[in-house]
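In what follows, residues are counted from 1 in the order of the sequence shown. Just so you know, ligand 1 is whichever comes first in the structure, and atom 1 is the first atom listed for that ligand.
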Amino acid sequence: MVDWKNPPRLFIPGPVKVNDDVLQQLARPTLGHRGKEYTQLHGQTVDMLKKILFTEQNVFLSTSSASGIWEAAIRNCVGPDEVVLSTCCGAFSDKWASIVESCGRGVDELKVDWGKPVLPEMLDEKLATGKYAAITIVYNETSTGLTNPVHEISAMMKEKYPDVLVFVDAVSAMVALPMKFDELGWDVVFASVQKAFAIPPGLAVAVVSNRALEKSRNVPAKGYYFNFELWAKAAEKNQTLVTPNIPHIMALNYQCEKLLAEGMENVWRRHKEMGDFVRGWAKEKFELFCDERYASNTLTTIKNTRGINVAETINAIQQKHNTIFGNGYGKLKEETFRIAHMGDITLDDLKELLAWLDDEIG
Ligand SMILES: Cc1ncc(COP(=O)(O)O)c(C=O)c1O
């Protein structure tokens with residue numbers, strides 16, 4: 001029998017474990033969202049996010065999950081007659097391509113096999129046609145546990161296609177993997193807070209370049225809730241367009257203070273150490289699903305080479321230890337399983353989980 005009031009410790013790739021001190025931030029007395037206190041909270045939080053994400057451009061807080069920004073990037077920054085090149089290398093990048101289409105924009109898919117990265121030369125070949133206004137790419141594919149070489153791609157984009165907008169889903173990457181927004185020359189990047197920020201779900205962080213914001217002014221029918229122009233106007237006053245999820249912003253403020261105190265290079269290094277540790281175990285006991293050179297430092301997708309019953313193993317660990325890890329995502333459900341190592345998960349947590357897994361699978 002499960003009991004939601006006694007929830008399992010989470011090693012699924014989001015939502016991830018949230019520490020008690022962070023949870024307590026969500027229990028603070030609320031504020032009026034047009035009052036001076038909120039304005040201070042918002043301003044401080046955005047200022048810290050600018051340092052964390054290495055940007056002087058527009059940082060927005062969206063009371064939505066990240067999927068809202070999938071749609072917002074397209075509705076705001078792609079004209080009705082323009083075509084997007086969507087890179088597809090797993091369940092989430094595939095989904096984003098379908099969302100571009102559902103927003104009524106033209107889309108071509110650049111597909112690579114799941115577990116393989118999107119490489120700059122692949123994009124170069126397509127972009128050379130001059131057909132595309134923007135590209136979409138997922139920094140870290142949460143289904144396959146793969147990190148795309150976004151730094152190499154960004155260098156190529158800046159050199160050869162500076163007018164093509166770059167939209168990046170950093171949902172399972174933001175803060176855990178190296179990212180300096182302004183240097184990378186990206187136009188929209190976003191994440192929801194239930195991943196490496198280690199906050200319960202309910203808020204997304206987005207950065208929008210000045211040029212993407214400018215462009216959005218001429219894109220018609222952007223709607224209201226996810227309208228970048230209206231977001232920017234509210235942000236000038238350190239507010240949001242609509243009543244935001246204030247408890248989450250308090251928790252975000254708290255987490256940002258901790259990230260800055262640790263230093264981003266150290267945060268990235270800590271995630272690499274966790275990634276190395278889980279990869280070491282996975283390679284000894286199974287295999288990695290993706291090409292190891294691109295294996296993610298926020299989660300590991302493990303190929304079920306021993307044919308274990310993934311669902312039963314997850315269930316057994318939950319029964320014995322009130323802890324869960326992730327099954328495979330979508331078409332990889334039984335073929336793989338996933339272990340998250342991001343946010344406030346620690347090496348000690350991972351050692352404990354893997355020892356239990358060893359006991360279970362022998
Ligand atoms: C890479 C990626 N993109 C998008 C999403 C969707 O995020 P949300 O559920 O916060 O809308 C997820 C969720 O796991 C994800 O991993």
Side-chain angles (χ1 to χ4, degrees), residues 10-18 60-75 86-100 102-103 109 112 114-118 135-150 153 166-177 179 186 188-207 225-226 244-245 248-249 251-252 255 271 275 289-290 294-301 324-333 336-343 345:
L10 299 179
F11 289 90
I12 56 173
V16 298
K17 174 187 98 160
V18 181
F60 297 129
L61 306 178
S62 172
T63 298
S64 68
S65 79
S67 305
I69 322 290
W70 266 346
E71 196 164 324
I74 306 305
R75 287 193 183 279
S86 281
T87 60
C88 299
C89 61
F92 293 99
S93 41
D94 285 5
K95 187 70 178 272
W96 199 1
S98 73
I99 285 169
V100 178
S102 75
C103 291
E109 295 183 353
V112 298
W114 285 29
K116 298 259 161 51
V118 176
I135 63 165
T136 66
I137 183 154
V138 166
Y139 189 156
N140 192 73
E141 232 322 326
T142 321
S143 56
T144 60
L146 174 137
T147 300
N148 275 312
V150 290
I153 289 171
V166 179
F167 305 148
V168 183
D169 169 332
V171 173
S172 56
M174 190 180 279
V175 306
L177 305 184
M179 195 188 101
W186 292 350
V188 179
V189 71
F190 52 89
S192 27
V193 297
Q194 73 271 19
K195 309 277 186 190
F197 281 108
I199 296 170
L203 185 73
V205 172
V207 190
Y225 195 82
F226 288 108
N245 195 339
H248 277 73
I249 298 172
L252 179 62
Q255 290 295 62
H271 282 84
F289 176 75
C290 75
Y294 300 95
S296 164
N297 285 332
T298 60
L299 80 145
T300 298
T301 298
I324 57 170
F325 58 94
N327 56 7
Y329 193 90
K331 69 181 187 189
L332 300 177
K333 200 169 182 137
T336 63
F337 57 96
R338 296 174 302 156
I339 295 175
H341 30 84
M342 61 178 120
I345 291 172

- Message: Is there a polar contact between ligand 1 and Ala66, counting only N or O atoms under 3.5 Å apart?
- Response: yes
- Message: Please classify the Trp70 to ligand 1 contact at 4.0 Å (heavy-atom distances, strictly less than): side chain, backbone, both or neither.
- Response: side chain
- Item | atom 5 (C) of ligand 1: the protein heavy-atom neighbour that sits closest, reported with distance to 0.1 Å | Phe92 CD2, 3.7 Å
- Item | Asn140 N/O under 3.5 Å from ligand 1 N/O | no
- Message: Using a 3.5 Å distance criterion without hydrogens, assess whether the side chain of Asn148 forms a donor-acceptor pair with backbone atoms of Val138.
- Response: yes
- Query: Which residue owns the protein heavy atom closest to atom 6 (C) of ligand 1, what's the atom, and how far is it?
  - Reply: Ser67 OG, 3.6 Å
- Would you mind checking which non-hydrogen protein atom is closest to atom 10 (O) of ligand 1, with the distance to 0.1 Å? Ser192 OG, 2.7 Å
- Item | Chi angles and distances behind the side-chain contact (heavy atoms from CB on, under 4.5 Å) call for Thr136, Ile74 | CA-CA 9 Å; Thr136 66; Ile74 306 305; 4.3 Å; yes
- Atom indices of ligand 1, in the order listed, that fall short of 4.0 Å to a heavy atom of Thr142: 1 (C), 2 (C), 15 (C), 16 (O)
- Query: In the protein, what heavy atom is nearest to atom 3 (N) of ligand 1, and what distance, to one decimal place, separates them?
  - Reply: Asp169 OD2, 2.6 Å
- Parallel, tilted or perpendicular: ring planes of Phe92 versus Trp70, cut at 30 and 60 degrees: tilted
- Paired with Ile135, the side chain to side chain contact (heavy atoms under 4.5 Å, CB included) test is passed by just one of Val118, Val166, Thr87, namely Val166
- Could you check atom 8 (P) of ligand 1 against the protein and tell me its nearest heavy-atom contact, residue, atom and distance included? Ser65 OG, 3.4 Å
- Message: Checking the side chain of His271 only, and the main-chain atoms of Gly343 only, is there a donor and an acceptor separated by less than 3.5 Å?
- Response: yes
- Message: Atom OH of residue position Tyr329 - does it have more than 12 heavy atoms of other residues, nucleotides or ligands inside 6.0 Å?
- Response: no
- Looking at OG1 of Thr336 and CH2 of Trp114, how far apart are the two atoms once the value is rounded to the nearest 0.5 Å? 9.0 Å
- Query: Taking non-hydrogen atoms only, is Lys195 closer than 4.0 angstrom to ligand 1 via side chain, backbone, both or neither?
  - Reply: side chain
- Message: Is any side-chain heavy atom of Ser296 closer than 4.5 Å to one of Thr300?
- Response: no
- Query: Using a heavy-atom cut-off of under 4.0 Å, does the side chain or the backbone of Gln194 touch ligand 1, or both, or neither?
  - Reply: side chain
